Amino acid sequence: CDGLDNNCDGAIDENLLQVQQWVDADGDGAGDPSLPVWACGPGPGIANNPLDCDDSDPNIGINAEDIQGDGIDQDCDGFVDEYGIPVPFATLADALAAAPDGSVVQFDEGTFTGTYDLRGRDITLAGEGCDRTELYGDSQDTVVRMDAGSIVSIRLSGGFAPRGGGLQVTGDVRADELCAVANSANNNGGGIAVVSGSLDIEDSLIEANGSGDFGGGIHVFEGATMTMRRTRVLQNNSYNGGGLSNNGGPVDISNSVFAGNVGSSDSGAILNQYTDELDPYGVPYEPTMTVRYSTFHANYSPFSAQAIYNQGGTLTVEHTAFTGHTGPNATNYDYQSFNPTHLAVTTLNNVAQRGNGGWDQFDQWWWGAFRGDPEYVEIDPNRPVAEWDLHLTLASDFIDAGDPADTDPDGSPADMGAYGGPLACVADVDPFSGARWGSCPAPGWDYAWTDDFDGDGMLDAYEYANGLDLITADDGGDLGGD
């Protein structure tokens, strides 16, 4: 794949697999998203990515350096005049010294080893995407501490601390396209600890984190709150609440996936637990949680609950699917708190159960539950949980089984589970930022996973599960169409 006729037969790079590439007219290594081509790989005038927002200027593209103060987004990341690390600022401390509150401080592509304390600053801490920028804590401490601002498009890993190995929140913080992966905590919140204030997190990934006590993925402390949308919580582990634990609230979860999480004692996916901690006015904190339009699959705990354990808290679950919990104990469980006067209060509305092996503490979790077949796109125990695709195929009984008063993003009746309801996806308004996990596919919501919109012989569900392009044919020039 060198653009030469090496064997003098008049053909160039023949008999090589053709893959989708993009025209790179300015030769900066970033392609024009509007001009896809077929080629055996990148070469002169061809790039392997569609990340150029101005293909007429070689100084503008995903690999360019953003020039501070000129009002131009040279690196096509959606940020203008960000304070870049390591160019032009060698360290985060250097960038913070120059950046006023309200600014964007961005780590470029690469892995940066260290721990970063942003308390007292109100900035946006950004990367170039979870697959391009990683902050690695090297088991020294919490990777990032924040009490204000935002954290976006970045991967946090390798953190180790008493609480919040990846991210520790002690104020009002927003997270978007954050990946907290392979962090750990002695006590609570292996991936993220919301110690106080609030965390608004969406379109993010919480994966393979662990803690010794509560909340392998996330722990919300007494008095703190959290809102979670379109987030995947996968393969985290803890003693209690493998995916998430809550002692505070309200915690509002919608359109999220909890899969493969493990609680070695109780609650594989979520623990909503009352404690006797008192607020500044002497009133006990009330753990409150709402779960809407979400999917729980193949979580595990050997004792009280494989999915959700509500111990003395207030819990509402609506239009949510519980599938594939094959252990012998309860899928979900309600119980009084350690304080015997404080009982769990659980309200259910349109909950689905399918393929679960255990029993449930109260009949309300089981009797009257929706029991259709979800017909997920792909569940393969031989592949990592992160590669599973819990979208619904057209054969799914969960299609149009959500709240009759709600609609999916395409206007059809709402589906059951994580991909149903009005918040199931967001329009990607910036074509140069890359596909968001929560983006709306085309052509329609219910049918996008069994259609072949680009006519390349591969169903949209297969293409989505394997990272292919749903819009443009990417069959590699397969003339046989097979």
Side-chain angles (χ1 to χ4, degrees), residues 202-205 227-234 252-259 269-270 290-299 307-308 316-325 331-332 347-356 365-366 368-379 385 387-428 435-453 459-465 470:
E202 64 180 20
D203 299 303
S204 293
L205 172 67
T227 299
M228 173 187 288
R229 294 176 296 276
R230 298 180 303 275
T231 291
R232 293 174 294 170
V233 183
L234 311 177
D252 295 316
I253 299 169
S254 69
N255 300 99
S256 294
V257 171
F258 289 75
I270 291 179
T290 299
V291 180
R292 303 187 78 245
Y293 287 111
S294 293
T295 298
F296 293 74
H297 186 83
N299 303 283
I308 301 180
T316 300
V317 183
E318 299 182 317
H319 321 301
T320 290
F322 297 92
T323 58
H325 298 93
T331 304
N332 300 292
T347 302
L348 303 178
N349 178 19
N350 192 28
V351 171
Q353 297 257 11
R354 178 77 177 200
N356 300 307
W365 279 106
W366 181 249
F370 184 83
R371 294 188 180 85
D373 191 336
E375 291 282 354
Y376 296 130
V377 168
E378 184 171 15
I379 299 292
V385 174
E387 296 181 6
W388 294 358
D389 189 342
L390 299 178
H391 281 93
L392 310 176
T393 62
L394 189 58
S396 174
D397 295 325
F398 287 12
I399 289 179
D400 298 347
D403 188 339
D406 289 339
T407 59
D408 287 339
D410 65 352
S412 64
D415 299 339
M416 175 78 74
Y419 301 98
L423 299 179
C425 67
V426 292
D428 192 353
R436 296 158 61 104
W437 176 75
S439 294
C440 299
W445 193 241
D446 289 347
Y447 298 94
W449 311 108
T450 48
D451 278 0
D452 179 14
F453 182 70
L459 295 181
D460 292 350
Y462 176 84
E463 294 198 52
Y464 185 90
L470 281 68

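The structure presented is a predicted model; accordingly, all values stated were derived computationally and were not measured.
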Q.
Applying side-chain contact (heavy atoms from CB on, under 4.5 Å) to V233 and M228, what does each step give before you reach the verdict?
A. CA-CA 11 Å; V233 183; M228 173 187 288; 4.1 Å; yes

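- Within the 4.5 Å cutoff, side-chain heavy atoms of F258 are placed close to those of I270.
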Problem set entry | Steps toward side-chain contact (heavy atoms from CB on, under 4.5 Å) verdict (L205, T231) | CA-CA 6 Å; L205 172 67; T231 291; over 6 Å; no

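- Of all non-hydrogen atoms in L423 and S254, the two that sit nearest each other are CD1-OG, 4.0 Å.
- Annotation for Y293 and A414: closest pair OH-CB, 3.4 Å, computed over non-hydrogen atoms.
- A side-chain N or O of T323 and one of Y376 form a donor-acceptor pair less than 3.5 Å apart.
- Taking the side chain as every heavy atom from C-beta outward, P374 and R354 approach each other to under 4.5 Å.
- Here the side chains of V377 and H391 are in contact, with some heavy-atom distance below 4.5 Å.
- How far CG of N299 is from CD1 of I308: 9.5 Å, rounded to the nearest 0.5 Å.
- A centroid separation of less than 6.0 Å is found between the aromatic rings of F370 and F398.
- Distance alone, capped at 3.5 Å, is enough to place a donor-acceptor pair between the D397 side chain and the D373 backbone.
- When all heavy atoms of P409 and C425 are compared, the closest pair comes out as CG-SG, 3.4 Å.
- Under 4.0 Å is where a charged nitrogen must lie from a carboxylate oxygen, and between R292 and D406 at least one such pair does.
- The side-chain contact (heavy atoms from CB on, under 4.5 Å) search around T407 returns none, not counting sequence neighbours.
- Using modelled atom types, one side-chain atom of S204 and one backbone atom of E202 make a donor-acceptor pair closer than 3.5 Å.
- In terms of the side-chain contact (heavy atoms from CB on, under 4.5 Å) criterion, residue partners of A307 (sequence neighbours excluded) are, by chain and number, F296, F322, H325, T331, N332.
- A 4.5 Å side-chain heavy-atom check between E318 and D403 finds every atom pair outside the cut-off.
- In this structure, NE2 on H297 lies 9.0 Å from CG on N356, to the nearest 0.5 angstrom.
- Contact annotation: the side chain of R229 never approaches that of D203 to less than 4.5 Å [non-hydrogen atoms, C-beta and beyond].
- Looking at L392 and D415, their side chains come closer than 4.5 Å, going by heavy atoms from C-beta outward.
- Between R232 atom CZ and S256 atom OG the span is 10.5 Å, to the nearest 0.5 Å.
- The NE2 atom of H319 lies 11.0 Å from the OG atom of S294; values are rounded to the nearest 0.5 Å.
- Here the OG1-CD distance, from T393 to E375, works out to 5.0 Å after rounding to the nearest 0.5 Å.
- N350 is listed as a side-chain neighbour of M416, based on a closest heavy-atom distance under 4.5 Å.
- Atom CG of L390 sits about 4.0 Å away from atom CD1 of I379, to the nearest 0.5 Å.
- For the pair L234/V257, a side-chain contact is recorded, criterion being any heavy-atom separation below 4.5 Å from C-beta on.
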